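Here the structure is a predicted model, which means the values were calculated and not measured.
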Amino acid sequence: MKITCITVGKIKEKFMTDAINEYAKRLSRYCKLEIIELADEKTPDNASAVEEENIKNKEGERILAKIKDGAYVISLAIEGKQLDSVELSQKLNDLGVNGTSHIVFIIGGSLGLSDAVKKRSDYLLSFSKMTFPHQLMRVILLEQVYRGFRISNNEPYHK
């Protein structure tokens, strides 16, 4: 299975990069992982709703351009469905069993995702009603995908 993470924004902190690299290394046992970093749009202070929507749309166009045909798209969105780790593991396993060979996870920028990206998504996933920085969300997502593979393979993992 191939897993692609399309993310808006760069990782600036070394400790975040180290954590992402560690989970990428761990995941290499289970899948082919690709991380695509896209530039984020600068949001002016006190941006209007129209300006914010335009920024989300520009970022959304970049995201959509990177999604390959036939990929199953899971976008991280606060209004998405919340799953526990076992349910996420089951979701990934079910997709594989049903013939899905490429899953794309999308982490938007600071303003969230455009409506076009949400419409292209096959599934909206929420990790919490709280908002997290995209850098931290990337670490959390990779850890949960890794945990999901461990669960589905009946391998021990700390609780």
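- Between Ile63 and Leu38, some side-chain heavy-atom pair lies under the 4.5 Å cut-off.
- The closest side-chain heavy-atom distance from Ile106 to Ile74 is not below 4.5 Å.
- Atom CD1 of residue Ile11 and atom CG of residue Asn21 lie 10.0 Å apart, to the nearest 0.5 angstrom.
- In this structure, Val117 is not a member of the same hydrophobic cluster as Ile3, with clusters built from ILVMFWY side-chain heavy atoms closer than 4.5 Å.
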Applying side-chain contact (heavy atoms from CB on, under 4.5 Å) to Glu13 and Thr17, what does each step give before you reach the verdict?
CA-CA 6 Å; Glu13 300 86 358; Thr17 303; over 6 Å; no
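- Residues passing the ring-ring contact (aromatic ring centres under 6.0 Å, His included) test with Tyr72: none are found, sequence neighbours excluded.
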Please table the atom pairs, donor to acceptor, closer than 3.5 Å between any side-chain atom in residues 123-140 and protein atoms at least two apart or in another chain.
from   : atom 1 : to     : atom 2 : distance (Å)
Ser126 : OG     : Ile78  : O      : 3.3
Ser126 : OG     : Ser128 : N      : 3.3
Ser126 : OG     : Ser128 : O      : 2.9
Ser128 : OG     : Met130 : N      : 2.9
His134 : ND1    : Val8   : O      : 3.4
Arg138 : NH1    : Glu37  : OE2    : 2.9
Arg138 : NH2    : Thr7   : OG1    : 3.0
Arg138 : NH2    : Gly9   : O      : 3.3
Arg138 : NH2    : Glu37  : OE2    : 3.2

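- There is a path of hydrophobic side-chain contacts, each under 4.5 Å, that joins Met16 to Val145.
- Taking 4.5 Å as the limit, some side-chain heavy atom of Lys14 sits within range of a side-chain heavy atom of Asp18.
- No side-chain heavy atom of Ile36 sits less than 4.5 Å from a side-chain heavy atom of Cys5.
- Here the closest non-hydrogen pair linking Ser75 and Leu113 is CB-CD1, 3.6 Å.
- Using a distance-only test at 3.5 Å, with no hydrogens or angles considered, a donor-acceptor pair links the side chain of Arg150 to the main chain of Pro156.
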Arg26/Glu143 under salt bridge (Lys or Arg N to Asp or Glu O under 4.0 Å): CA gap, chis, key distance, verdict
CA-CA 9 Å; Arg26 292 182 187 192; Glu143 189 280 333; over 6 Å; no
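- Looking at Ser85 and Ile151, their side chains come closer than 4.5 Å, going by heavy atoms from C-beta outward.
- Taking all atoms of both residues into account, the shortest heavy-atom contact from Ala71 to Asp122 is O-OD2, 3.6 Å.
- Between atom NZ of residue Lys66 and atom CG of residue Leu64 there is a gap of 12.0 Å, rounded to the nearest 0.5 Å.
- When the shell of 6.0 Å around NZ of Lys25 is examined, it contains 12 or fewer heavy atoms from other residues, nucleotides or ligands.
- In the hydrophobic cluster analysis, where Ile, Leu, Val, Met, Phe, Trp and Tyr join through side-chain heavy atoms closer than 4.5 angstrom, Val73 is grouped apart from Phe105.
- Both Ile107 and Leu88 sit in one connected hydrophobic cluster of ILVMFWY residues. Membership requires side-chain heavy atoms under 4.5 Å apart, directly or through other members.
- Rounded to the nearest 0.5 angstrom, Cys31 SG and Tyr146 OH are separated by 11.5 Å.
- The two residues Leu27 and Phe149 make their nearest non-hydrogen contact at CD2-CD1, 3.7 Å.
- Side-chain contact between Leu33 and Tyr23: absent, with no pair of heavy atoms (C-beta onward) separated by less than 4.5 Å.
- A donor-acceptor pair is defined here as one N or O able to donate and one able to accept, closer than 3.5 Å; no such pair exists between the side chain of Gln144 and the backbone of Leu141.
- Considering CD1 of Ile55 and CG of Asp40, their distance stands at 9.5 Å, rounded to 0.5 Å.
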Worked verdict on Thr4 versus His102 for side-chain contact (heavy atoms from CB on, under 4.5 Å)
CA-CA 8 Å; Thr4 300; His102 188 192; 2.7 Å; yes
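- Rounding to the nearest 0.5 angstrom, the gap separating the CZ atom in Arg62 from the OG atom in Ser114 is 11.5 Å.
- Among all heavy-atom pairs drawn from Ala47 and Glu51, the shortest one is CA-OE1, 3.2 Å.
- Tyr30 and Glu155 share a donor-acceptor pair across their side chains, judged by distance under 3.5 Å alone.
- Under the 4.5 Å side-chain criterion, counting only non-hydrogen atoms from C-beta, Ser101 is not in contact with Leu95.
- Contact check for Glu61 versus Lys56: no side-chain heavy atoms found under the 4.5 Å cut-off.
- Contact between Leu92 and Met1 at its shortest, heavy atoms only, is O-CE, 4.0 Å.
- Looking at every heavy atom in both residues, Gly148 comes nearest to Ser89 through O-OG, 2.7 Å.
- Rounding to the nearest 0.5 Å gives a distance of 9.5 Å between NZ of Lys81 and NZ of Lys91.
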